[in-house]
Amino acid sequence: MRALAASVGLRGALGRYREDGVRGLKAPDIVVEPAVREVAAVLVRPGPRVSVWGAWRVVVSVGGQGDTGDGSVVVLGLDEGPSMRVHAAEPLVVRQGGDG
């Protein structure tokens with residue numbers, strides 16, 4: 001690295017590059033932990049995992065029941081266990097991909 005920097009006239013900038021540039025580089029085999037976020041049930045689509053009953057479950061289907069008198073309801077079909085019926089505005093903890 002030093003030889004390359006010297007050959008293009010960046011001898012003084014080499015230290016700064018190491019501090020600024022190398023810090024942001026990642027090896028391609030490093031797996032980034034899936035982002036966990038809280039969203040309204042109405043925004044959940046099939047594919048991500050939701051935290052329910054103390055475990056992560058994959059959402060396999062999403063349906064709705066419209067206005068039930070006390071607000072719209074979302075029905076989430078899960079990979080394990082019964083479907084989950086929640087109010088559309090109910091916050092759910094969701095993460096993309098990863099092992100549960």
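Of all heavy-atom pairs spanning S61 and P46, the tightest one is CA-CG, 4.2 Å.
Rounding to the nearest 0.5 Å places CE of M84 at 8.0 Å from CD of E90. Between atom CG of residue L76 and atom OG of residue S83 there is a gap of 8.0 Å, rounded to the nearest 0.5 Å. In this structure, CZ in R49 is found 11.5 Å from CG in L78, a value given to the nearest 0.5 Å.
Partners of V42 by side chain to side chain contact (heavy atoms under 4.5 Å, CB included), not counting sequence neighbours, listed by chain and number: A40, V74, A88. Take E80 and apply the salt bridge (Lys or Arg N to Asp or Glu O under 4.0 Å) test, not counting sequence neighbours, and it matches R57.
V75 and W53 fall into different hydrophobic clusters, where Ile, Leu, Val, Met, Phe, Trp and Tyr residues are linked whenever their side-chain heavy atoms come under 4.5 Å apart, directly or through other members. V39 and V52 fall within a single hydrophobic cluster, where Ile, Leu, Val, Met, Phe, Trp and Tyr side chains are chained together by heavy-atom contacts under 4.5 Å. One hydrophobic cluster, built from ILVMFWY side chains closer than 4.5 Å, holds both V94 and V86.
Tested against V50 for a side-chain contact (heavy atoms from CB on, under 4.5 Å), the candidates V59, V58, V93 yield a single pass: V59.
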